[in-house]
Amino acid sequence: MDGWNYFNYFTEIEEYFWKKRGAHLLVSPLDWAIMETWQRAGVPLEAALKGIDRAFESYGRSRRGAGKPLKSRAYCTDAVLQVTEEGLEAAAGSAPKNGREAKEPFPRVEVKAYLTGNAAKLGKVAKKQQARHPELSAKHAEHTDSLRSSSLLLDSPAKFDFEDLERRLTVLDDKIAALVMTVASEDLLVRIRREVDGQMSAYRRKMKAEQLELVEKKYTQKRLLEQFALPRLSLYYFS
């Protein structure tokens, strides 16, 4: 898998799902949460697409698929994970492939603008929360400084390690998500939980308990970030 596909994981899956469905469908917070669980579980893009193929075939043979289009990626979860497991088994013991040195996946100037833009958004939120949540505001200010420092590294003439940058951005994403959970009101969390329970009701029997738990966690994080106007920092959200 080349660098472009690696960092455009969500976009590739989204467009492929639309193609299989035959119509554009707005991506819901639940769908984003589903794709995040695949990405965090290390599901390769190729396995995700192949699993979607398999899920559509299965859905088409079922009674549920009679005249009704498949709407959610949640239905695809079992097939995607099954394809991933099959790929791991097939790869076990195989010799590594020799490949050419990969090119940088993005123009540096665009990534720099992405980091700078997110730093500005974080800085704005930090100022807004200064009176009500001073400790949270201070943490966001630290994250803003970290983003700006990462942005400066892109000016180096040496080869840039985009995967290491992604690790740093993922760590910041996790820190921000954890911080927001500490200040979210009980009423807001209950409302979000009602949302995810309602959207997941049709798929609970198809997903394992650990899968459901992770999807619910990712859904909650996404909705909280939206509520607090906080950006996602990972390069998976760069476009």
Side-chain angles (χ1 to χ4, degrees), residues 7-11 13-14 25-43 71-74 77 114-148 150 165-204 207-239:
F7 287 114
N8 282 269
Y9 190 85
F10 299 127
T11 302
I13 293 175
E14 182 181 353
L25 184 69
L26 185 65
V27 181
S28 69
L30 175 61
D31 285 329
W32 277 106
I34 291 287
M35 290 188 287
E36 274 199 89
T37 62
W38 297 350
Q39 178 249 317
R40 287 299 181 96
V43 173
K71 294 183 178 181
S72 175
R73 289 146 189 80
T77 296
Y114 172 73
L115 297 180
T116 302
N118 280 339
K121 292 176 184 177
L122 275 177
K124 184 177 180 180
V125 173
K127 288 181 179 179
K128 187 176 180 180
Q129 295 177 340
Q130 194 166 14
R132 187 174 181 183
H133 303 294
E135 293 183 3
L136 185 64
S137 176
K139 288 294 184 182
H140 284 328
E142 291 178 11
H143 300 152
T144 299
D145 290 340
S146 180
L147 276 179
R148 287 172 177 157
S150 296
L165 173 62
E166 171 63 15
R167 294 184 192 101
R168 293 176 183 275
L169 296 178
T170 300
V171 168
L172 286 177
D173 267 335
D174 289 342
K175 284 184 175 182
I176 290 171
L179 280 171
V180 173
M181 281 291 293
T182 65
V183 299
S185 68
E186 182 178 334
D187 286 343
L188 175 58
L189 291 173
V190 170
R191 176 159 58 86
I192 293 173
R193 186 56 186 259
R194 288 197 193 104
E195 288 179 13
V196 69
D197 284 347
Q199 293 195 43
M200 289 297 297
S201 60
Y203 306 102
R204 288 189 178 277
M207 300 176 71
K208 297 177 182 178
E210 58 269 24
Q211 295 169 4
L212 284 169
E213 183 180 359
L214 187 54
V215 169
E216 289 168 355
K217 177 182 177 182
K218 292 299 179 184
Y219 182 99
T220 300
Q221 288 178 351
K222 179 173 177 58
R223 293 290 288 113
L224 285 175
L225 292 176
E226 291 173 351
Q227 287 290 321
F228 285 86
L230 288 162
R232 299 305 299 265
L233 308 179
S234 166
L235 291 176
Y236 280 97
Y237 303 93
F238 171 77
S239 60

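These figures come from a predicted structure and were not determined experimentally.
Leu169 contributes atom CG, which lies 11.5 Å from atom CZ of Arg167 (distance to the nearest 0.5 angstrom). Considering CD of Gln130 and NZ of Lys128, their distance stands at 14.0 Å, rounded to 0.5 Å. To the nearest 0.5 Å, the span separating NZ on Lys139 from CG on Leu179 amounts to 7.0 Å. The OH atom of Tyr237 lies 12.0 Å from the CG atom of Asn118; values are rounded to the nearest 0.5 Å. Between the CD atom of Glu166 and the CG atom of Asp173 there is a distance of 8.0 Å, given to the nearest 0.5 Å. The distance from atom CD of Glu142 to atom NZ of Lys175, rounded to the nearest 0.5 Å, is 8.0 Å.
With sequence neighbours left out, Glu216 forms a salt bridge (Lys or Arg N to Asp or Glu O under 4.0 Å) with Arg193, Arg204. The salt bridge (Lys or Arg N to Asp or Glu O under 4.0 Å) check on Lys217 picks up nothing, with sequence neighbours excluded. Every residue meeting the side-chain contact (heavy atoms from CB on, under 4.5 Å) condition with Thr220, not counting sequence neighbours, appears here in chain and number order: Met181, Leu189, Ile192, Leu224.
When side chains are defined from C-beta on, His143 counts as touching Ile176, because their heavy atoms get closer than 4.5 Å. Contact annotation: the side chain of Arg232 approaches that of Leu225 to within less than 4.5 Å [non-hydrogen atoms, C-beta and beyond]. A 4.5 Å side-chain heavy-atom check between Arg148 and Leu115 finds every atom pair outside the cut-off. Contact annotation: the side chain of Arg168 never approaches that of Leu172 to less than 4.5 Å [non-hydrogen atoms, C-beta and beyond].
Among all heavy-atom pairs drawn from Met35 and Glu14, the shortest one is SD-N, 4.4 Å. Between Ala126 and Ala141, the shortest heavy-atom distance links the atoms CB-N, 4.1 Å. Ala33 approaches Val215 most closely through the heavy-atom pair CB-O, 3.6 Å. Summarising the geometry of Leu165 relative to Ser150, their closest heavy-atom pair is CD1-CB, 3.9 Å, with the distance given to 0.1 Å. When all heavy atoms of Leu233 and Tyr114 are compared, the closest pair comes out as O-OH, 3.1 Å. The two residues Thr144 and Gly123 come nearest to each other via the heavy atoms OG1-N, 3.4 Å.
The aromatic rings of Phe10 and Tyr236 lie tilted to each other, with the angle between the two planes from 30° to 60°.
Not one N or O on the side chain of Gln129 forms a donor-acceptor pair closer than 3.5 Å with the backbone of Ser137.
Between Arg191 and Glu186 there is no salt bridge, since no side-chain nitrogen of the basic residue lies less than 4.0 Å from a carboxylate oxygen of the acidic one. Ion pair Glu226/Lys222 flagged as a salt bridge, since at least one NZ, NE, NH1 or NH2 atom sits closer than 4.0 Å to an Asp/Glu carboxylate oxygen.
A donor-acceptor pair shorter than 3.5 Å can be found between the side chains of Glu195 and Tyr219.
Residue Gln227 places its CD atom among more than 12 non-hydrogen atoms of other residues, nucleotides or ligands, all under 6.0 Å distant.
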For this session: Quick one: do Trp38 and Thr77 satisfy side chain to side chain contact (heavy atoms under 4.5 Å, CB included)? Show the steps, please.
Result: CA-CA 8 Å; Trp38 297 350; Thr77 296; 3.8 Å; yes
